[in-house]
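Fair warning: this is a prediction, and the values are worked out from it, not measured in the lab.
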Amino acid sequence: MSNFRPLHDRVVLRRLTAEEKTAGGIIIPGTAQEKPTEAEVVAVGPGARNEQGQVVPLEVKAGDTVLFGKWSGTEVKLGGEELLIVKESDILGIIDGTAAKARKAA
């Protein structure tokens, strides 16, 4: 991933793994699972330009855990890893650090 740098207001995301079981304990096969809409930010571009031509930095940063729209972005394969490139406006919000760490550990 170190040889790829997103431009403008683009953000590179790594999807977090989807739950393989329902709350009731039913195992969901991989083909029936929906792609998760929760991801870790891998890299961000420098930001978009405003009307005065100044670069406005992005609000997200590498390491943040975010929620994004279900149909957002472009899926790419970089360094053998499936990643997603979205615009910052496709990101719905940042998940609080403590909640995000608990989800990653689970």
Side-chain angles (χ1 to χ4, degrees):
M1 223 343 265
S2 63
N3 59 349
F4 181 79
R5 183 175 47 102
L7 299 175
H8 309 292
D9 63 340
R10 303 291 193 297
V11 180
V12 179
L13 302 175
R14 177 183 299 120
R15 289 182 193 264
L16 298 179
T17 55
E19 291 292 324
E20 295 179 8
K21 286 185 183 180
T22 65
I26 298 171
I27 297 174
I28 304 169
T31 54
Q33 290 178 4
E34 286 196 28
K35 290 185 177 179
T37 56
E38 191 173 321
E40 177 185 2
V41 176
V42 176
V44 298
R49 293 195 180 272
N50 63 16
E51 292 174 5
Q52 290 77 34
Q54 302 162 325
V55 175
V56 179
L58 303 183
E59 291 191 41
V60 297
K61 63 185 180 311
D64 283 348
T65 301
V66 297
L67 290 177
F68 60 94
K70 188 174 187 175
W71 307 109
S72 301
T74 303
E75 292 182 351
V76 296
K77 196 167 192 173
L78 294 170
E81 184 176 16
E82 300 259 343
L83 299 170
L84 188 67
I85 299 175
V86 301
K87 286 189 163 207
E88 186 184 39
S89 60
D90 291 335
I91 295 174
L92 305 174
I94 301 171
I95 298 174
D96 181 291
T98 54
K101 288 179 184 174
R103 288 176 185 227
K104 286 182 190 176

Testing the basics here: between [X] and [Y], what is the closest heavy-atom pair and its distance to 0.1 Å?
X	Y	answer
Pro46	Pro6	CD-O, 3.8 Å
Phe68	Arg15	CZ-NH1, 3.5 Å
Lys61	Val44	CA-CG1, 4.3 Å

Rounded distance [0.5 Å steps], [atom1] in [X] versus [atom2] in [Y]:
X	Y	atom1	atom2	result
Arg14	Leu78	CZ	CG	11.0 Å
Asp9	Leu58	CG	CG	6.5 Å
Ile91	Thr37	CD1	OG1	12.0 Å

Find out whether Val42 and Phe4 are in side-chain contact, i.e. whether some heavy atom of one side chain is under 4.5 Å from a heavy atom of the other. no
Determine whether Thr74 and Leu84 make a side-chain contact, defined as any pair of heavy atoms from C-beta on separated by less than 4.5 Å. no
Only one of Asp96, Leu16, Val60 passes side chain to side chain contact (heavy atoms under 4.5 Å, CB included) with Thr65; say which it is. Leu16
Keeping to residues at least two apart or across chains, list the salt bridge (charged side-chain N to carboxylate O under 4.0 Å, His left out) pairs with something in residues 49-59. none
Would you check if the side chain of Asp64 reaches a backbone N or O of Val66 as a donor-acceptor pair within less than 3.5 Å? no
Sequence-distant partners of Glu82, side-chain hydrogen bond (donor to acceptor under 3.5 Å, both in side chains), two or more places apart: none
